[in-house]
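Report on the structure given below.
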Number of protein chains: 6
Amino acid sequence: MLQSGDFVGYSFWLISMALAASTIFFLMESLRIGGKWATSLTVSALVTFIAAFHYFYMREVWVATGDTPTDFRYIDWLLTVPLLMIEFYLILAAITKVSGGIFWRLLIGTLVMLIPGYMGEAGYLNVTVGFAIGMLGWAYILYEIFFGEASKVAATEAPPAVQKAYTLMKWTVTVGWAIYPIGYFLGYLAGGTDVGTLNIVYNLADVLNKIAFGLFIWYAANEATAAKE
Amino acid sequence: MLQSGDFVGYSFWLISMALAASTIFFLMESLRIGGKWATSLTVSALVTFIAAFHYFYMREVWVATGDTPTDFRYIDWLLTVPLLMIEFYLILAAITKVSGGIFWRLLIGTLVMLIPGYMGEAGYLNVTVGFAIGMLGWAYILYEIFFGEASKVAATEAPPAVQKAYTLMKWTVTVGWAIYPIGYFLGYLAGGTDVGTLNIVYNLADVLNKIAFGLFIWYAANEATAAKE
Amino acid sequence: MLQSGDFVGYSFWLISMALAASTIFFLMESLRIGGKWATSLTVSALVTFIAAFHYFYMREVWVATGDTPTDFRYIDWLLTVPLLMIEFYLILAAITKVSGGIFWRLLIGTLVMLIPGYMGEAGYLNVTVGFAIGMLGWAYILYEIFFGEASKVAATEAPPAVQKAYTLMKWTVTVGWAIYPIGYFLGYLAGGTDVGTLNIVYNLADVLNKIAFGLFIWYAANEATAAKE
Amino acid sequence: MLQSGDFVGYSFWLISMALAASTIFFLMESLRIGGKWATSLTVSALVTFIAAFHYFYMREVWVATGDTPTDFRYIDWLLTVPLLMIEFYLILAAITKVSGGIFWRLLIGTLVMLIPGYMGEAGYLNVTVGFAIGMLGWAYILYEIFFGEASKVAATEAPPAVQKAYTLMKWTVTVGWAIYPIGYFLGYLAGGTDVGTLNIVYNLADVLNKIAFGLFIWYAANEATAAKE
Amino acid sequence: MLQSGDFVGYSFWLISMALAASTIFFLMESLRIGGKWATSLTVSALVTFIAAFHYFYMREVWVATGDTPTDFRYIDWLLTVPLLMIEFYLILAAITKVSGGIFWRLLIGTLVMLIPGYMGEAGYLNVTVGFAIGMLGWAYILYEIFFGEASKVAATEAPPAVQKAYTLMKWTVTVGWAIYPIGYFLGYLAGGTDVGTLNIVYNLADVLNKIAFGLFIWYAANEATAAKE
Amino acid sequence: MLQSGDFVGYSFWLISMALAASTIFFLMESLRIGGKWATSLTVSALVTFIAAFHYFYMREVWVATGDTPTDFRYIDWLLTVPLLMIEFYLILAAITKVSGGIFWRLLIGTLVMLIPGYMGEAGYLNVTVGFAIGMLGWAYILYEIFFGEASKVAATEAPPAVQKAYTLMKWTVTVGWAIYPIGYFLGYLAGGTDVGTLNIVYNLADVLNKIAFGLFIWYAANEATAAKE
Ligand SMILES: CC1=C(/C=C/C(C)=C/C=C/C(C)=C/C=O)C(C)(C)CCC1
Ligand SMILES: CC1=C(/C=C/C(C)=C/C=C/C(C)=C/C=O)C(C)(C)CCC1
Ligand SMILES: CC1=C(/C=C/C(C)=C/C=C/C(C)=C/C=O)C(C)(C)CCC1
Ligand SMILES: CC1=C(/C=C/C(C)=C/C=C/C(C)=C/C=O)C(C)(C)CCC1
Ligand SMILES: CC1=C(/C=C/C(C)=C/C=C/C(C)=C/C=O)C(C)(C)CCC1
Ligand SMILES: CC1=C(/C=C/C(C)=C/C=C/C(C)=C/C=O)C(C)(C)CCC1
């Protein structure tokens with residue numbers, strides 16, 4: 001049972017409930033809104049579903065052992081980050097014809113970001129090198145969504161609501177995601193941090209990076225559908 | 001097993017059943033009513049779903065240990081209060097175009113109310129200071145919904161049924177929510193209260209603050225939909 | 001396992017199965033009939049759902065301990081009686097515009113009936129006084145549905161099928177409910193009764209008070225919908 | 001685990017699987033066919049659902065104790081026989097206006113048949129007397145459906161498919177049901193029978209009395225719907 | 001846990017997964033295709049559902065005891081073979097008016113085939129006699145579907161796709177079913193066979209006799225629906 | 001519980017979550033897109049459902065015993081490979097009339113590929129012979145989809161999106177599938193490999209061979225449906 005004062009445990013509880021509720025929300029809204037936007041909302045639901053599953057598991061590991069191997073987070077990221085990337089493609093595909101290249105480039109960026117990052121953390125690569133390559137992957141993702149093809153499609157062909165969602169998603173990738181390399185840096189390069197604190201920060205960051213991200217899409221879906229009616 | 005005469009246990013049982021039934025109700029009605037109002041009703045269902053989940057857990061903790069850490073309530077509040085706040089935005093958005101600022105300001109009020117409040121209760125902040133800041137957060141929420149942008153939109157653009165719902169929701173936030181700072185005050189500033197009694201009062205208050213609140217929205221959804229037909 | 005010849009156990013089994021089947025029935029019919037009547041049928045389903053949940057629990061308590069604390073019945077009543085009261089409002093609201101006052105007055109009657117009743121049974125109030133006040137609450141409910149606003153709306157604006165349902169519901173509240181004060185009277189004021197017998201009578205009474213009550217509404221819903229087509 | 005050669009166990013397994021599959025079938029077809037007939041099919045599903053639940057339980061009791069108290073059958077009958085009776089009303093109500101008296105008279109017949117029957121078996125009444133009264137109840141049911149109001153409505157207003165279903169249902173009540181009083185007679189009045197054999201015969205009889213009965217209705221629903229198209 | 005190299009166990013695993021997946025498939029397609037064909041597909045789903053349930057149970061019995069009483073297969077057959085027979089009726093009924101006699105004659109054939117067969121295997125009848133009578137039952141079924149009423153309706157009134165399905169089903173009953181009497185013959189009349197091998201052959205035969213059989217119907221449903229559009 | 005650093009375990013976790021999420025996705029999209037394409041998407045869901053079920057089981061076997069018998073993979077392949085083959089038929093059947101021979105030839109190829117392959121691995125056949133025959137089966141599949149009837153239909157009658165999907169599926173069968181014979185070769189013919197590594201490679205290959213394969217079809221379904229509107 002959760003101990004009183006176990007803040008890490010609380011944050012696990014909080015985020016897992018929030019993700020479970022979000023999954024219900026996105027599925028209900030996907031069924032309601034229908035059409036092309038339904039796919040984007042279903043994908044949002046998959047992100048929160050996968051994450052909720054991992055978090056319930058991590059919460060139990062935490063309560064039982066006082067430990068939450070970073071490894072689980074990377075497993076989760078390997079599944080959810082590509083799904084988030086595909087959303088950039090899907091919200092544009094819902095309004096106009098776009099090339100699949102948008103998604104593929106983002107996927108490559110994701111892998112370059114996550115795999116060396118993990119190798120650094122897990123000791124299969126020099127921590128600094130792993131970090132550096134990971135940063136490049138992230139930088140490439142940011143380049144793509146700020147100046148690449150997707151950004152151009154969004155700027156020229158998207159209706160205002162979709163543009164707004166695109167901008168919010170873009171900045172989430174910039175600001176919200178920053179928490180992870182910062183955590184990495186503090187933990188491995190700057191003398192170490194408190195594992196508990198880091199877990200809490202990561203857990204709360206997912207409210208933005210997974211739930212709010214999905215809500216931006218939901219916002220666009222809603223406005224774009226209303227506009228068409 | 002629940003002991004005869006265990007009123008706290010009874011109140012946990014009562015509210016968890018009521019919340020479970022409400023969740024079914026709101027989901028069924030969300031599917032039935034459809035359109036923009038469906039979102040508001042789905043959110044009402046999320047509130048009762050999250051709370052039911054917490055209450056079933058708290059009931060078990062209570063039966064097993066005779067204790068219900070305040071901490072669980074705060075976890076629940078951190079999730080459900082923002083969802084309640086978003087309802088003010090959603091019921092107006094269902095009838096006219098409104099700015100998202102309405103929700104953001106209410107969210108900030110919520111955090112200012114809950115976080116220092118918790119810190120005070122848990123001993124991370126002086127109890128009086130925690131209470132005072134929390135009161136300011138609440139006051140700000142009340143200001144917003146009584147005199148802020150939302151109140152103006154409601155007054156000028158909402159059809160009668162939505163206005164009535166808005167008024168009921170507004171007063172719930174005023175009167176129904178008052179129970180929590182009063183409990184805090186009695187427990188920490190005025191010499192302590194009986195934990196059992198407090199739990200019962202909190203549990204019953206949620207009939208108003210979570211279920212009735214959702215029903216006000218359901219009422220508006222119903223009338224507004226009927227009017228359009 | 002249920003013992004052969006344990007009639008109380010049998011009656012618990014019977015009513016819990018009947019309530020579970022009724023819940024399926026009301027939900028299926030709510031989805032089929034749709035429109036405003038769907039809400040009434042969903043509420044009927046909530047009544048039987050809540051009661052089924054309580055009865056399955058009470059059956060287990062009975063089999064394990066040979067005891068079924070009255071307390072559970074009151075918890076159930078506190079949830080289901082108001083839902084039954086709201087049905088008087090809903091079936092009229094499905095056909096015409098009615099004031100919510102109808103429901104509020106009935107709710108007050110309910111609380112005046114149940115709370116002192118419980119306090120009397122549980123020893124927090126003199127048994128006779130508890131009984132007397134509870135009787136007043138019930139009397140008030142009967143007054144309302146026989147001569148109050150609802151009765152007038154039913155008499156003047158309701159189509160025949162709804163009138164018939166209203167009449168049946170009215171008499172259920174009179175005759176079907178009488179079993180509970182009679183049980184109270186016999187148990188506490190007239191020298192005590194056999195707990196087993198009382199349980200059986202209460203269980204069977206719920207076939208009328210919860211299931212048949214819901215079926216009266218279903219009847220009205222069916223006829224009114226057919227008439228409109 | 002079921003023992004090889006345990007025929008009673010086999011017949012329990014057979015009938016419980018058959019009832020579970022029938023429940024799925026009737027619910028799927030109720031959703032597909034829709035309209036007034038959907039109600040009849042939902043009721044057929046309730047019959048098989050309640051019976052499946054009882055049979056799964058009885059199978060376990062049988063495997064664990066080699067015993068299946070007659071009591072469970074009576075609990076089942078008290079729920080399912082009235083539901084079967086209501087079908088006579090519902091299939092006529094799906095095609096024309098009929099008086100509810102049809103159902104009430106059949107319900108009374110059911111109670112007169114089952115309650116004294118049980119009292120006789122359980123020793124609360126002389127076995128012969130219980131049997132005799134029960135037979136009268138059954139006779140009354142047969143009278144009603146062969147010569148009473150329902151039979152007249154069926155003969156004059158029902159389309160051919162409904163008439164055929166009515167006839168099949170009528171004869172099921174005559175021939176299929178006969179197994180139960182025969183079992184009673186053999187067991188209590190004619191020197192006793194083998195409990196195992198009786199259980200097998202009862203279990204197989206329910207294929208006709210519960211599943212086939214529902215299929216007759218499904219047949220009528222199908223034909224009547226096709227005819228209207 | 002399944003042992004490596006336990007081929008009988010593998011074949012149980014294989015067929016139970018295949019049946020579970022088929023059940024999902026037939027239900028999804030039944031909902032999608034709708035109309036009269038939906039019933040045939042629902043019945044296909046019932047066949048695979050019942051069989052999956054039995055196979056999961058038999059797999060566990062096998063892993064736990066290294067034994068799978070033939071009895072379970074007969075229970076399964078008693079339920080699924082009549083359902084397969086009814087499909088001959090249903091696919092013709094979906095396109096034209098056909099007499100129910102088709103189904104009844106096939107049902108009688110089924111019982112004549114299965115019951116003496118079982119009695120022979122279980123030692124309640126001379127094995128050769130049981131076999132011989134069973135063969136007559138099967139022969140009668142084959143006669144019916146090759147030269148009886150159904151075959152004539154199929155030949156004269158069915159559109160090409162239904163005719164093709166009918167032919168495939170007919171030959172499945174001839175060739176696919178032959179495995180069972182052959183197994184019987186080898187096991188009881190020709191000196192015995194290896195129980196393991198027999199189980200594997202039976203399990204694999206069900207891919208044809210239960211799943212493929214359902215797919216033939218699905219094929220007809222698809223073509224006939226497409227043709228109408 | 002999964003051990004930190006257990007990469008094989010991680011890859012099992014990853015692929016099982018991915019398959020579970022894919023199943024939800026394909027079912028939701030099958031319901032949304034409807035029509036003939038729905039069948040293809042349902043089949044994609046069956047592939048990922050069956051595989052998820054096997055992987056969850058294999059993960060547990062791995063965590064408990066550090067072993068994952070190749071046998072489970074073959075059971076999975078025997079079910080999922082034919083389902084993948086049928087997709088070649090279904091996507092063409094969704095746009096034009098095609099002969100079922102396409103599927104049958106691919107099914108034969110599948111069996112020739114898998115059964116001798118398994119016999120080689122399990123020691124029922126010389127490893128080299130098993131491998132060689134299996135390779136012929138695969139070669140035949142490749143011949144069919146590159147130069148056979150399906151390839152011609154795709155080239156001449158399919159709209160661009162379906163052609164693109166066909167090409168991607170074709171190359172998946174070529175490149176993605178190659179991993180399995182390579183693993184076989186390394187393990188049995190070239191001196192053995194590390195079981196752990198092989199498992200990881202196989203698990204990751206299924207992201208392409210099962211999930212991406214399904215997504216190619218989803219892509220075609222989406223485009224073809226949009227084009228028709
Ligand atoms: C740049 C960088 C990293 C970034 C990780 C990120 C950005 C993870 C994002 C996860 C999300 C958004 C999950 C939500 O579903 C690492 C690998 C920590 C270390 C190497 C440098
Ligand atoms: C003002 C104030 C408080 C208010 C808490 C409130 C108002 C909680 C409301 C919870 C609700 C409405 C939950 C329903 O879902 C605290 C934090 C106790 C203490 C500090 C001062
Ligand atoms: C008048 C009276 C009583 C009435 C109770 C009633 C009328 C309960 C009804 C319950 C129902 C209808 C439940 C169905 O869901 C008490 C409290 C026993 C005692 C005090 C006097
Ligand atoms: C006449 C008679 C009896 C009849 C029982 C019957 C007819 C039961 C039918 C049950 C059914 C049809 C269940 C299906 O759901 C008794 C009580 C054995 C004994 C007294 C005489
Ligand atoms: C002829 C014959 C037999 C045939 C059995 C058959 C044909 C069973 C078919 C089962 C199926 C098709 C199940 C699929 O759901 C027996 C009883 C073995 C022995 C007696 C002779
Ligand atoms: C050629 C060959 C093989 C190929 C196996 C393949 C190609 C399996 C594909 C499995 C898939 C695609 C599963 C996805 O659901 C064996 C049997 C290893 C060995 C013999 C030679």
Side-chain angles (χ1 to χ4, degrees), chain E residues 1-34 37 41 45 48 52 55-56 59 63 160-161 164-165 167-168 200 203-204 206-208 211-212 214-216 218-223 225-227 229, chain F residues 23 26-28 30-54 57-58 60-62 64-65 67-80 82-83 86 89-90 93-94 96-97 100 103-104 107 111 118-119 121-124:
Chain E
M1 204 182 294
L2 219 54
Q3 292 305 308
S4 186
D6 170 2
F7 285 92
V8 186
Y10 292 166
S11 68
F12 274 117
W13 181 280
L14 197 84
I15 183 72
S16 35
M17 280 313 295
L19 288 164
S22 304
T23 308
I24 299 176
F25 180 76
F26 290 129
L27 286 179
M28 287 287 288
E29 290 289 291
S30 169
L31 291 171
R32 182 176 73 81
I33 291 180
W37 285 102
L41 292 168
T48 53
Y55 270 115
F56 275 104
R59 183 172 84 193
V63 169
K164 199 163 151 197
T167 306
L168 286 164
I200 293 177
N203 292 355
L204 296 184
D206 270 353
V207 174
L208 171 59
I211 299 177
L215 288 172
F216 301 149
W218 167 80
Y219 164 79
N222 247 329
E223 299 296 310
T225 313
E229 270 157 19
Chain F
T23 307
F26 291 129
L27 286 178
M28 288 286 290
S30 169
L31 291 171
R32 182 178 73 80
I33 291 180
K36 281 223 154 189
W37 285 103
T39 309
S40 310
L41 292 169
T42 301
V43 172
S44 293
L46 296 185
V47 169
T48 52
F49 165 75
I50 291 172
F53 198 100
H54 279 89
Y57 191 87
M58 286 199 268
E60 260 164 56
V61 174
W62 173 264
T65 69
D67 217 54
T68 46
T70 319
D71 313 67
F72 280 109
R73 292 198 182 275
Y74 277 92
I75 297 180
D76 174 293
W77 293 349
L78 263 176
L79 293 168
T80 55
L83 287 173
I86 214 169
Y89 169 78
L90 286 175
T96 183
K97 236 193 145 60
F103 168 67
W104 290 110
L107 182 63
L111 297 179
Y118 176 73
M119 290 171 76
E121 288 210 41
Y124 298 95

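Every chain is numbered from 1 and lettered A, B, ... according to where its sequence line falls, protein lines coming before strand lines. Keep in mind that what you see is a predicted model, and the values were worked out from it rather than measured.
- By number of non-hydrogen pairs under 4.5 angstrom with chain E, the leading residue of F:G34, F:G35, F:S30 is F:G35.
- Both the backbone and the side chain of F:I50 come within less than 4.5 Å of a heavy atom in chain E.
- Note: E:L215 CG to F:I86 CD1 = 7.0 Å, rounded to the nearest 0.5 Å.
- Taking the six-membered ring for Trp and the full ring otherwise, F:Y118 and F:W77 have centroids separated by 6.0 Å or more.
- Aromatic rings from E:F216 and E:Y219 are positioned such that their centres are separated by 6.0 Å or more.
- Contacts between F:T39 and chain E at a heavy-atom distance below 4.5 Å involve backbone atoms as well as side-chain atoms.
- Annotation: maximal heavy-atom pairing with chain F below 4.5 Å, among E:I24, E:I33, E:N222, occurs at E:I24.
- One distance of note links CG of F:L41 with CE of F:M28; it measures 13.0 Å at 0.5 Å rounding.
- The candidate with the highest count of non-hydrogen atom pairs below 4.5 Å against chain E, out of F:F53, F:F49, F:Y74, is F:F53.
- Using the six-membered ring where Trp is involved, E:Y55 and E:F12 have ring planes that are tilted, between 30° and 60° apart.
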